[in-house]
Amino acid sequence: MSCNTEQTETHRYCAEVANELESRWQAKWAADDLNSVGNPGDEGFDVSKPKFYCLDMFPYPSGAGLHVGHPVGYIGSDIISRFKRMQGFNVLHPMGWDAFGLPAEQYAIETGVHPATTTRKAIDTFRGQLQRIGFSYDWSREFATIDPEYYKWTQWIWLKAYDAWFDPKAKKAKPIATLVDGLHTGEICSEDGNWDEMSEAKKTSYINNHRLAYLGEQVVNWCPKLGTVLANEEVIDGLSERGGFPVVRRPLRQWMFRITAFADRLLEDLEGLDWPQSTLRMQAEWIGRSEGADVDFAIIDSDDSLCVYTTRPDTLFGVTFVVLAPEHPLIKTLIASPPDGCDSTALKAYATEAKNRADVDRMADAKGKSGVFSGLYATNPATGNAIPIWIADYVLMGYGHGAIMAVPAHDSRDHAFAKAHNIPIVKVVEPNKNEKVADCFSGPGVAVNSSSDLLSIDGLTTAEAQQKTIRWLEENKLGSAKTNYRLRDWLFSRQRYWGEPFPIVFDSEGNHYPVGEAALPVVLPNLDNYTPVESKDPTPLLGKATDWLHTTAGEAGVDPDILPPDTPVTREANTMPGWAGSCWYEVRYCSSNCDTRFVDSEAEQYWMGNGIDLYIGGAEHAVLHLLYARFWHKMLFDLGEVSCNEPFQKLFHQGLLTSFAFQRANKSLVPTDKVSQQGEAFIETDTGKELERVIAKMSKSLKNVVNPDDVIAEYGADTLRLYEMYMGPLEASAPWNTRDIVGVHRFLQRVWRLCSDEHTGEMHASLQEPQDEHVERALHATIAKVTEDIPKLAYNTAIASMIEFVNSATSSGMVTADQLDRFVRLLAPFAPHITQEIYSKLGQQGYIADAQWPTFDPEQLVADSLELPVQIMGKVRGRVTVPAGASNEDVEKAAIEDPAICALLEGLVIRKVIIVPNKIINIVAN
RNA sequence: GCCGAAGUGGCGGAAUUGGCAGACGCGCCGGAUUCAAAAUCCGGUUCCCGUUAAGGGAGUAUGGGUUCGAGUCCCAUCUUCGGUACCA
């Protein structure tokens, strides 16, 4: 791509020219703080202007640096940010770093270098790469989640949650003091008896059990290899999401978030968000609200009863057995004193095995439906029949009550179990007519065989039967309506090193006390050795920092009114998970440098009003990050700390950038550097065998990663930006194809040539000539198209229309300076550097980023005459030209009288003529 | 298994509410320029038939349907990708 070899075309736009002018302008923009936006109250900040907060999901800076897939979304957000700014918005467009978390720590363990060092280095690399692409980020707002000035406030927010409870009546979070007050005045009734008569210890425990951030004993996913517990969301098929190591389940005391209290609001508030449908659905399914009933089953020959949850109370008459999860508390009793018919040895073996089995094994025989009979029977409350109680691992302890009523005729899992263990199957729902039915019908229908002395629901539809059954259950104190959620409380402790420490300490009796605000941040201590403690028992890594760990209440900053300063205390040795920092970063950007509060209120109200206007990021965060961040935001909103209920008003997922990869006949993949092309065929260098070219993710192992630095060196950043946006729709994934880049590069060359002479570098004299009407019309059409496409993020078609304009303007050879000026403004959001250069060459002062967005005249879009296709029986047979605004009669006349059409119509009878104004004419004739 | 999205030339992809399928780019073919090449510029490029041309036919995963007219709407099937996995 060298352009200096040829004397005559020294001034052609090429890599050297692009790189020179791009670096020059970037330096100038940085020196002038072009992209610093300021806040309300700052000098020169015009609050009357509308705001546009456009946020990218901040990256996790890895040692490998950026590849070309990373900037796709960033370019997309940069274009609309620049566009909005030119339209007169105050635009907030920040960037920062999500820098705590497992990958950095794993990398540090491998290299032996402290994660702070490697992470800071990775951040510098990322920043440098991003800056070279020419984004309009306000870098003055940059921060990393590992900055103590930032995680101070992460800890502060956690303390807010620690110091809050969820009022179920008001359906909102409130300070914990309101709970204490309410209990004291009797406004709130404690389930544990009269508040004022409770012991101090009991009161404390009650309060602790109502905090939004609470210490809970949970069966956790412990990963011995990673040396940490993981959230349910971080475990996939029984293996850790990161690393793919086995995960076992064991009980542990951990910090939890009461996210389930917000389940309803997290679900309901999805409505009204401008998000991709698929993501809304995924969130809703993750929350998994279901409506049904709790039903009590009395155990025969016992005073105990069993509570089960069902979504199909209408099938109560079809319950032929009850199943308990292997972890169900009743099983301990069973093993201790086994009833007749109970093989306690088998039961014990089954329960123990199921408990210790990783979920992956448990699921491996999902179809198998193993189980043991308990020896006990329960009474079906509707029929009075005795039904057996079984223990089986297809019932999970973590959902409902860890026990189910089994309806084998109408639930496929119960059906499989009943078949395997010879349990009767009783049909109680008749499908609606004309409905295809498998041997186990689980849809709604009409109740049958559902009558007894106690209750009758025969003939009722499923919905009616459910209502009647629930009413009956409630009247007879046998159960009640119940709503359940799949969502569980959020496990928030990790045993790893590289995370935010919890601002909390324990006394010798294990009571916990918050660190006072003045003592924040609780700084992560330095460790010489952060290799995880690989063990059967969870052991936090910070336990090794003994000097830090053992301290006094005063030293730690605990309020002396709560605990005397000289009390020896132990710090919490767990750290927060990688998600913590990204739960509120969008708020911090409003005033990144504020050191008196987690965010400046005025700035927050201005920028976050109605939420972030556009949030762009990968679909892989559809559930976890977005759910967690919404939860934190709602908590802060309830507590009056932020001004809106939902942080992300509009969400957009950019597509995945894929790359070519090469596959052997056995589907194994070959690294790209071991492949050579011979004609149409791709050959593996080592074996000489032919390979198939397929599309795959970019990955180091496949050696199909493309580095943006290389692309910029060869074509310039403007070309990279244009190419990535021109590949296809922003939301679609597309394969990177180096060969195609030259297309948009040529486009920029033509833009350059439109302005100046390639031989002399001088501006074209013709720029002064009178304007060409066709070029002017084409320009208006292009302005209209681009203005319409950018808000839709339809950048590929916007670029196509600009290419069309340049092509037609080039061939006409008649472009004025004024037209060129308007055109480069149009192109500026996409290619900010070359357009800035031309803008300046045209004699404009200042920066194109601050220029006004060009406007178009709708009248210029209307042509004088139209060429319309004429169809006969739906096939295009000719075309006629009619003046714009011609009446339907005139158009029909023109079509029928057209000689070519006339000839084809010979011998046919015209039945009908359909005219779609300005579109088409169709003649129905036979 | 269930849920969701998608399937258009050699390739990436265009195509308001049903209205000229293949915009734009790549690649390829031809031409100009050049001693030559690269670069650039101009023209062509869905497939099939037609020596060329005029012209004709087929065509948006597959098979049906609705309509004057279907890439777009309806039904069934296939394939790919994403999510989810005993949630009672």
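In what follows, chains are A, B, ... by sequence order, proteins preceding strands, each numbered from 1.
Using modelled atom types, one finds no donor on one side chain facing an acceptor on the other under 3.5 Å when comparing Ser290(A) with Asn484(A).
Nucleotide G9(B) carries a syn base; the chi torsion (O4'-C1'-N9-C4 or O4'-C1'-N1-C2) is within 90° of 0.
Look at Arg753(A) and you'll find a side-chain N or O under 4.0 angstrom from OP1 or OP2 of C41(B). Distances shown here put a side-chain N or O of Lys875(A) below 4.0 Å from the OP1 or OP2 atom of A58(B). The side chain of Tyr309(A) places no N or O atom within less than 4.0 Å of a non-bridging phosphate oxygen (OP1 or OP2) of A88(B). In terms of phosphate contacts, Ser278(A) brings no side-chain nitrogen or oxygen within less than 4.0 Å of OP1 or OP2 of G83(B).
Between Tyr795(A) and Tyr726(A), the ring centre distance reaches or exceeds 6.0 Å.
When the nearest nucleotides of RNA chain B are assigned to Gly288(A) and Glu788(A) by heavy-atom distance, the more 5′-ward of the two goes with Glu788(A). Nucleotides of RNA chain B nearest to Arg312(A) and Arg877(A) differ in position, and the one nearer the 5' end is that of Arg877(A).
Residues meeting the side-chain contact (heavy atoms from CB on, under 4.5 Å) test with Ser812(A), sequence neighbours left out: Val775(A), Met814(A). Evaluation of the side-chain contact (heavy atoms from CB on, under 4.5 Å) rule for Arg486(A) yields Trp286(A) as partners, not counting sequence neighbours.
For the side chain to side chain contact (heavy atoms under 4.5 Å, CB included) with Leu868(A), the qualifying choice from Thr881(A), Val882(A), Ile920(A), Val916(A) is Val882(A), the only one to do so.
Here the separation of U17(B) from A6(B), taken at their P atoms, is 14 Å to the nearest Å. Annotation: G12(B) and G63(B) have their P atoms spaced 22 Å apart (nearest Å). Rounded to whole Å, the separation between the P atoms of A5(B) and G9(B) comes to 22 Å. Atom name P, nucleotides G10(B) and C47(B): the rounded distance is 7 Å, in whole Å. To the nearest whole angstrom, the two P atoms, one in C11(B) and one in A61(B), are 14 Å apart.
Residue Ser412(A) is classed as having no contact, given no heavy-atom separation below 4.0 Å to the nucleic acid.
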Item to check | Intra- and interstrand pairs of RNA chain B - dot-bracket, Watson-Crick/G-U under 3.5 Å, | marks other strand | outcome: (((((((..(((......[....)))((((((.......))))))((((.....))))..(((((..]....))))))))))))....
Checklist outcome for this item: Scoring nucleotides 17-27 of chain B by protein non-hydrogen atoms under 4.0 Å (B base, S sugar-phosphate only, - none) yields --BB--BBSBS
Under 3.5 Å donor-acceptor pairs involving side-chain atoms of residues 278-285 of chain A, not counting sequence neighbours:
unit_1: Thr279(A); atom_1: OG1; unit_2: His653(A); atom_2: NE2; d: 2.6
unit_1: Gln283(A); atom_1: OE1; unit_2: Arg630(A); atom_2: NH1; d: 2.8
unit_1: Gln283(A); atom_1: NE2; unit_2: Ala622(A); atom_2: O; d: 2.9
unit_1: Gln283(A); atom_1: NE2; unit_2: Val623(A); atom_2: O; d: 3.4

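In this structure, Phe823(A) and Phe747(A) have perpendicular ring planes: the angle between them is above 60°, well past the 30° mark. A parallel orientation is assigned to the rings of Phe321(A) and Phe417(A), their planes being inclined by less than 30° (bins at 30° and 60°).
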If you restrict it to nitrogen or oxygen atoms, what contacts under 3.5 Å exist between nucleotides 43-48 of chain B and the protein, and what is each distance?
none

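Checking side-chain atoms of His410(A) against main-chain N and O of Val429(A) turns up a donor-acceptor pair under 3.5 Å.
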